[in-house]
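In what follows, a structure is listed as structure tokens, so that the remarks can point back to it.
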Amino acid sequence: MTHGYQALTEKEKETLRLLLAGHDAKSMARHFGLSVHTINERLRDARRKLSASSSREAARLLRQAEGAHPQSPGDEGIGDGGPLSIAQGGATAHAGPHPRTAWAIGGLIMIAFALAALALSSAHRPHIATPHGRPAAVAESPVTEAARQWLALVDAGKWPESFAATAKSFQTLNTLDMWQSASVGGRVPLGRVLSRRLAGEESVPAPPNGYRVVRFRTDFAAKAGATETLSLAREGDGWRVAGYIIE
């Protein structure tokens, strides 16, 4: 019997089984009707109980303890299939059957990032009409500015600098090597940014102090019409990135 197996709750086992079936935190959150943050808390607790270095390893240990992969809701597939996911609480990657792919990195992944359940369309960037009838963009908030500054580091391939600029929650679940490896594998192939437009900003209530979620519509050289979503946490006098996903 795998050490720590008896300590796992049924909910933790169900979550690990879905992970074995090829689903990521986002699709599991949709399945259970929970936030991605809650899913990642389950995975973290399971890793601790099984003394596993990654969620994938914890899932394999569960399968070993149960003798064979059990029948579970994850065997049927969830929603539109699991997207490509990188470094969700660990340096793991997998690709689901659906052609649409997403790149996700982050410690809090992705807060309640409920991001999958949040509709940010209500937080579109406002405009003010000028005398000539042309819309004038309102100045962006400090949160959006912080998100743009961090993305500029990522765009430039400055992995140590961008990692140093992330929130404590991000750095707790990831290392610089994990971040750089995930970035080289997921972000670099997209190429340079051709355009990046603010799509929305919204508050997400989550312990301990809540988060701000910022979304951009971005055209990369190798991928047009992408959506970048960042969650930012307040630390000191500024905002730091706690989660990042590209779809």
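When a residue number appears, it is its place in the shown sequence, counting from 1. Just so it is clear, the structure is predicted and the values come from calculations on it, not from any experiment.
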Over all atoms of both residues, closest heavy-atom pair of Ile246 and Ala226: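 Between these two residues, the closest heavy atoms are CG2-CB, 4.2 Å.
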Exercise: identify the closest heavy-atom pair between Phe216 and Ala147: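 In this case the closest contact between Phe216 and Ala147 is CE1-CB, 4.0 Å.
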Could you tell me whether the side chain of [Y] reaches within less than 4.5 Å of the side chain of [X], counting heavy atoms only?
| X | Y | value |
| --- | --- | --- |
| Trp150 | Trp239 | no |
| Arg192 | Asp155 | no |
| Val193 | Thr218 | yes |
| Arg212 | Glu202 | no |
| Leu230 | Leu151 | yes |
| Leu16 | Leu50 | yes |

Any donor-acceptor pair under 3.5 Å linking the side chain of [X] with the backbone of [Y]?
| X | Y | value |
| --- | --- | --- |
| Trp179 | Trp159 | yes |
| Gln171 | Phe163 | yes |
| Ser27 | Asp24 | yes |
| Ser231 | Val213 | no |
| Gln180 | Asp177 | no |
| Arg30 | Ala25 | no |

Under-4.0 Å salt bridge between [X] and [Y]:
| X | Y | answer |
| --- | --- | --- |
| Arg215 | Glu228 | no |
| Glu140 | Arg148 | yes |
| Glu10 | Lys13 | yes |

Glu57: partners by side chain to side chain contact (heavy atoms under 4.5 Å, CB included), with sequence neighbours left out: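 Per chain and number, Glu57 pairs via side chain to side chain contact (heavy atoms under 4.5 Å, CB included) with Ala52, Ser53, Ser54, Arg60, Leu61.
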Distance under 6.0 Å and angle within 45° of ring axis: Lys11 vs Phe32: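 Judged by the rule, Lys11 and Phe32 form no cation-pi pair.
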Arg234 to Tyr211, cation-pi by 6.0 Å centre distance and 45° axis angle: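 Ring-cation test returns no.
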Do [X] and [Y] land in one hydrophobic cluster if side-chain heavy atoms of ILVMFWY residues count as linked below 4.5 Å?
| X | Y | value |
| --- | --- | --- |
| Leu153 | Leu190 | no |
| Val188 | Tyr244 | yes |
| Leu198 | Leu194 | no |

Distance in Å, Glu41 CD paired with Asp45 CG, rounded so as to fall on 0.5 Å steps: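 Answer rounded to 0.5 Å: 7.0 Å.
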Test salt bridge (Lys or Arg N to Asp or Glu O under 4.0 Å) applied to Asp219 - qualifying residues, sequence neighbours left out: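 If we apply the salt bridge (Lys or Arg N to Asp or Glu O under 4.0 Å) test to Asp219, skipping adjacent residues, the hits are Arg197.
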Contacts of type salt bridge (Lys or Arg N to Asp or Glu O under 4.0 Å), residue Glu235, not counting sequence neighbours: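 By the salt bridge (Lys or Arg N to Asp or Glu O under 4.0 Å) rule, Glu235 matches Arg240.
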Matching residue for Glu12 among Arg48, Lys49, Arg42, Arg17 - test: salt bridge (Lys or Arg N to Asp or Glu O under 4.0 Å):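 For Glu12, the salt bridge (Lys or Arg N to Asp or Glu O under 4.0 Å) check succeeds only for Lys49.
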Side-chain donor-acceptor pair present, Ser35, Thr38, cut-off under 3.5 Å: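 Yes - a donor-acceptor pair under 3.5 Å links their side chains.
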